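All remarks here apply to the structure that follows.
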There are 2 protein chains.
Amino acid sequence: MSPAQGRSRAGAGPGPGPGRGGRPGRGGRPGRPGHDLESILRTAVRLFTERGYDATSMEDLSRALGITKSAIYHHVSSKEELLRLATGRALDGLFSAAAAVEALPGRAIDRLERLVRDSVAVLVAELPFVTLLLRVHGNTAAEREALARRRAFDQFTASLVKQAVADGDLRPDIDPVMTAKLLFGMVSSAAEWYRPERGGGSGPGGGGSGPGGGALAEAICKLAFEGLRT
Amino acid sequence: MSPAQGRSRAGAGPGPGPGRGGRPGRGGRPGRPGHDLESILRTAVRLFTERGYDATSMEDLSRALGITKSAIYHHVSSKEELLRLATGRALDGLFSAAAAVEALPGRAIDRLERLVRDSVAVLVAELPFVTLLLRVHGNTAAEREALARRRAFDQFTASLVKQAVADGDLRPDIDPVMTAKLLFGMVSSAAEWYRPERGGGSGPGGGGSGPGGGALAEAICKLAFEGLRT
DNA sequence: ATGATGACCGTCCGTTCGGTCAGTAATCAA
DNA sequence: TTGATTACTGACCGAACGGACGGTCATCAT
């Protein structure tokens, strides 16, 4: 409330860096310590997914970071750029997985399964960014750009499905485009409920045991390729 | 732009009712003709799903309806109530499907498949409402209420999966909760891409032939229960 | 000591937001 | 013609929005 509050916090405290739970810890960089673009981006993505992009004001973000609103604009040119950076990171991961799969030998069905597993790995590794990406619906220019890249990814997976059907490895009585959408619909839905294990053994209700959500990928592949029925 | 625009549009025109593409057509009701709650709700849901709930202003909605912002508040008490009505309609459909399935005889796996098919039917029949429901993430009180009902539905499906596993009809090597989430993750994802056929035969890229997205439900059940592999 | 660097503050702006209110306009039944 | 019913207008309010601005402050290499 008082105008001196922010200043007094900045000047007080025994340690040099800001207290809080934030992670502005950087390694011996010049200049005044504090947040950098990365720490701001991660907090922004967290808030965007928690409360929605539009519902999150820059002042909300500033409060969460423990700095003022104007300080954010020292690191980023606009609110939309935060969204662009976040979706870009998720898409980069997905596309690098697609590129790796594309350069792979073997049957299409095996490469498709590999793409599913790698996509799950990206989902788990970059969960906040992927979650945000999957909630984007094309309101702003940045969102439309992200949607276009997502469509390109979908088309790649669809072409893989078509190849596998042509190889006689996948059932031909489902439209390949629909197959691809349902397959990655499962993967995408996991962004809304999968949470990495934080501690002990494989407890109930969780998701993936092993590193990087291996159980999640395993479940999706079993369900999709072999079917649920015994 | 000009302040007289709204008035001139309302006063002009040959017909008594509002022109536009809106559907205020009602059947011989008393009072001044125009929009009723239903027509406003449908337009609101359309805009909410197109541009997002938070990104859609009440003035956006009023423009789309061809009336003023304050006229909306004659039909509805708040913006949030529109959201409550919309999600409520979708959930009512889903829960009536669940209730019908619950009172059904037969093996759990068959009732589960029936629930999937009926859920797809609800999805298709109330596509705008269900789509909006699935995008809700718990920011407001109305959204949290919708989320709670969604969780109850998920728990019902999970219990059905557990029964089917106990019956020996579903593979036991996937956690039942995860199975349920993946299964309905496919159904939910369809809300983002399924569009009912508007015209001729089963063209490519579309979704469901037959009435009510039968092909969609068929594809999901084949994929989930029998698997994609030949 | 000094200057470059990077992080940050406080204040203000034009605009838009959800919502209110008193009054008006069109339709039906009596 | 009157009155009940329903739909609607236009002016307005307080608050919050994204963003811009000039100035300040701590830290580094020199």
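Only heavy atoms go into these numbers, but all of them, side chains included; no hydrogens, no water, no symmetry mates. Just so it is clear, the model here is predicted, and its values are computed rather than measured. Below, chain A is the first sequence line, B the second, and so on; all start at residue 1.
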Item to complete: Take A:Ser188 and A:Leu134 through the side-chain contact (heavy atoms from CB on, under 4.5 Å) test and state the conclusion after the steps.
Response: CA-CA 7 Å; A:Ser188 301; A:Leu134 292 173; 3.8 Å; yes
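Between A:Leu82 atom CG and D:dG19 atom C1' the separation is 13 Å, expressed in whole Å. Between B:Leu65 atom CG and D:dT9 atom P the separation is 10 Å, expressed in whole Å. At whole-Å resolution of the value, CD in A:Glu59 and P in D:dC17 are 6 Å apart. Distance, A:Leu47 CG to D:dC17 P: 13 Å, rounded to whole Å. Distance, A:Tyr73 OH to D:dG18 C1': 5 Å, rounded to whole Å. Between B:Ile72 atom CD1 and D:dT6 atom P there is a gap of 20 Å when expressed in whole angstrom units. In this structure, the CZ atom of A:Arg51 is 14 Å from the C1' atom of D:dC17, given to the nearest Å. For A:Glu80 and D:dC17, the CD to C1' distance is 16 Å, given to the nearest whole Å.
Ring pair B:Phe156/B:Phe95: centre-to-centre distance not below 6.0 Å.
Checking side-chain atoms of A:Lys181 against main-chain N and O of B:Met186 turns up no donor-acceptor pair under 3.5 Å. Counting only distance, with no hydrogens or angles, the side chain of A:Glu102 and the backbone of A:Ala98 share no donor-acceptor pair below 3.5 Å.
Here the nucleotide nearest the side chain of B:Lys79, chosen from C:dC8, C:dG19, D:dG18, is C:dG19. With distances taken from any side-chain atom of B:Met58 to the nucleotides D:dG19, C:dG18, C:dC8, the minimum falls on C:dG18. When distances are taken from the side chain of B:Ile67 to each of C:dT20, D:dC8, D:dG18, the shortest belongs to D:dC8. Which of C:dC9, D:dC8, D:dA7 sits closest to the side chain of B:Ala71 comes down to D:dC8.
Among the atoms of the strands shown, none is found under 4.0 Å from any heavy atom of B:Ser62. Nucleic acid contact class of A:Thr68 (heavy atoms, under 4.0 Å, all strands): base.
Taking only distance into account, the side chain of B:Lys69 meets the base of C:dG18 through a donor-acceptor pair shorter than 3.5 Å. At a cut-off of 3.5 angstrom, the base of D:dG19 holds no donor-acceptor pair with the side chain of A:Ser70.
Ranked by how close their nearest DNA chain D nucleotide is to the 5' end, A:Asp54 and B:His75 are led by B:His75.
Close to C:dA7, at under 4.0 Å from its OP1 or OP2, lies a side-chain N or O of A:His74.
For the residue pair A:Ser57 and A:Asp60, a side-chain donor N or O sits within less than 3.5 Å of a side-chain acceptor on the partner.
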